[in-house]
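Following: one structure in structure tokens, then a few remarks.
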2 protein chains.
Amino acid sequence: MNLVPPAVERLAAEFGRLPGVGPKTAQRLTFHCLVAPRESVERLAAALAELRGSVRPCGRCYFIAEGELCGICANPRRDPASICVVEDALDVLAIERSGEFGGVYHVLQGAISPIDGVGPAQIRVDELVQRLEAGGVSEVIVATDPDVEGEATAHYLAERLASTGVTVSRLAHGLPAGSNVQYADELTVARAFAGRRAI
Amino acid sequence: MNLVPPAVERLAAEFGRLPGVGPKTAQRLTFHCLVAPRESVERLAAALAELRGSVRPCGRCYFIAEGELCGICANPRRDPASICVVEDALDVLAIERSGEFGGVYHVLQGAISPIDGVGPAQIRVDELVQRLEAGGVSEVIVATDPDVEGEATAHYLAERLASTGVTVSRLAHGLPAGSNVQYADELTVARAFAGRRAI
């Protein structure tokens, strides 16, 4: 005999499909929704239902937008000649927080990962090439993650964009600010040595 | 200028109200919902919207139920003379998994915590007393958590139920199965000594 009503099982299954939410967490969130004020559960349901109605990827860079273009592409004070290529939309927010970049973005929506069946065709590489072919771009900064997939994607982009004449660079690797040398992993230390600069 | 559309902010805020979900996780879940298949987001929204329509607390024990009574209270093979008192519905599932208990439950929906403004009147203590006054109950097993709030609740219940003539016991404290003595905290070791049994 099943103790948990189907509606509860169903919600736990849906929570469990979210990234980073395991079966235990999904069950805890579901049981929270059972005892939380009814309005708060309804607000969450409404926010989810509403999300995809009003928000879509930007028609140019694939960052999130409410209209045709996102707030960055639509901003005339951003420099369209400089494109920073990132894996997903959250990376845009992290770079914007740094305040270091005044250009525009291109969100690949993924990284090349043959093991997961993700090749260049599964992410928005062709769309990036089309933006470069349309002209007016002088610099591409590849800001994919410093992991295997991000590196593979960066190398692929460097080769693919070599013929366009556009300067292609990659964000520096090294010790993160506020960290300790003694706690850094070997690869980070190796890259910090390789990228050392005169002071 | 705000880069994130209001619908996205709203969903992140609602996710952030779930227990154990901080602002970073809420943002990650929200951005996942932006790129996930539209149907999966709609299924989660529907499961949330549906939950509180069909599921409510059991009219007797406050565990989850689809009708008037939950699957345990409605089961004639469970012994209604033995009531296990727990803090919340997830505790019922954990005890059911052990297969050790054939009685029925009483879900307090919380524990006494003066710091959080939760006294006996804020949890379902009166409802428990009413069940005992209705007669037919011979044993109450208090299975509140082995933490400050759970202990305070257990002591309060022991005093409050003393006059009913019902046997009140508390789940044993000690070393968890499969653990190591060397990693156990002092209080657990102290309780394991206090509760030692002849072998």
Side-chain angles (χ1 to χ4, degrees), chain A residues 1-8 10-15 17-21 24-25 27-36 38 40-57 62-67 70-72 74-75 88-90 92-93 96 107 109-110, chain B residues 1-15 17-21 24-25 27-36 38 40-57 62-67 70-72 75 88-90 92-93 96 107 109-110:
Chain A
M1 162 157 206
N2 201 343
L3 291 177
V4 178
V8 176
R10 213 148 41 227
L11 180 56
E14 294 301 334
F15 270 134
R17 287 196 184 91
L18 295 173
V21 178
K24 287 255 174 186
T25 304
Q27 202 178 47
R28 198 164 45 78
L29 293 175
T30 303
F31 277 68
H32 164 82
C33 290
L34 279 168
V35 294
R38 202 182 170 119
S40 76
V41 179
E42 284 164 356
R43 274 204 313 271
L44 175 55
L48 278 161
E50 189 192 349
L51 181 72
R52 297 290 282 268
S54 64
V55 181
R56 70 204 75 186
Y62 302 96
F63 183 59
I64 48 174
E66 273 198 294
C70 73
I72 296 170
N75 185 346
D88 63 55
L90 278 174
V92 173
L93 295 184
E96 287 297 297
V107 181
Q109 294 185 338
Chain B
M1 160 154 206
N2 201 343
L3 291 178
V4 178
V8 177
E9 296 275 20
R10 213 149 39 227
L11 180 56
E14 294 301 334
F15 270 134
R17 286 194 186 92
L18 295 174
V21 178
K24 287 255 173 184
T25 304
Q27 204 179 45
R28 198 165 44 77
L29 293 175
T30 303
F31 277 68
H32 164 82
C33 290
L34 280 168
V35 294
R38 204 183 169 118
S40 77
V41 180
E42 283 165 357
R43 274 202 315 272
L44 175 56
L48 278 162
E50 187 192 350
L51 181 72
R52 298 291 281 269
S54 65
V55 181
R56 69 205 74 186
Y62 301 98
F63 183 60
I64 48 175
E66 273 197 296
C70 72
I72 296 171
N75 184 346
D88 62 55
L90 278 175
V92 172
L93 295 184
E96 287 297 298
V107 181
Q109 293 185 337

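Both backbone and side-chain heavy atoms feed into the values below; hydrogens, waters and symmetry mates do not. The sequence lines fix the lettering, A, B, ..., with proteins before strands; numbering per chain opens at 1.
Considering only heavy-atom pairs separated by less than 4.5 Å from chain A, the leading option among B:P57, B:G53, B:P6, B:P19 is B:P19. Interface check for chain B: of the options A:L93, A:T30, A:V21, the most heavy-atom pairs under 4.5 Å are formed by A:L93. In terms of heavy-atom pairs under 4.5 angstrom with chain B, the leader among A:A36, A:S54, A:G20, A:A49 is A:A36. For the options B:V8, B:L44, B:V35, heavy-atom pairs under 4.5 Å to chain A are most numerous at B:L44. When the candidates A:S40, A:A12, A:A47, A:A13 are compared by the number of heavy-atom contacts under 4.5 Å with chain B, A:A47 comes out ahead. Residue with the most contacts toward chain B among A:R17, A:E96, A:E14: A:E14 (heavy-atom pairs, distance under 4.5 Å). Among A:V4, A:L51, A:V41, the residue with the largest count of heavy-atom pairs under 4.5 Å with chain B is A:L51.
Residue contact with chain B, scored on non-hydrogen atoms closer than 4.5 Å, involves the backbone of A:A65 exclusively. Using a 4.5 Å cut-off between heavy atoms, A:T25 makes no contact with chain B at all. Using a 4.5 Å cut-off between heavy atoms, A:F15 touches chain B through backbone and side chain atoms alike.
Here the side chain of B:R10 pairs no donor or acceptor atom with the backbone of A:A46 at under 3.5 angstrom.
Residues that satisfy the side-chain hydrogen bond (donor to acceptor under 3.5 Å, both in side chains) test with B:Q109, not counting sequence neighbours, are B:R124. Residues satisfying the salt bridge (charged side-chain N to carboxylate O under 4.0 Å, His left out) test with A:R56, not counting sequence neighbours, are none.
Taking the side chain as every heavy atom from C-beta outward, A:L11 and A:C33 approach each other to under 4.5 Å. For the pair B:L18/B:L29, no side-chain contact is recorded, criterion being any heavy-atom separation below 4.5 Å from C-beta on.
Atom-to-atom distance recorded for B:D88:CG and A:F31:CZ is 8.5 Å, nearest 0.5 angstrom.
When every heavy atom of A:V55 is checked against every heavy atom of A:E66, the shortest pair comes out as CG2-CG, 4.4 Å.
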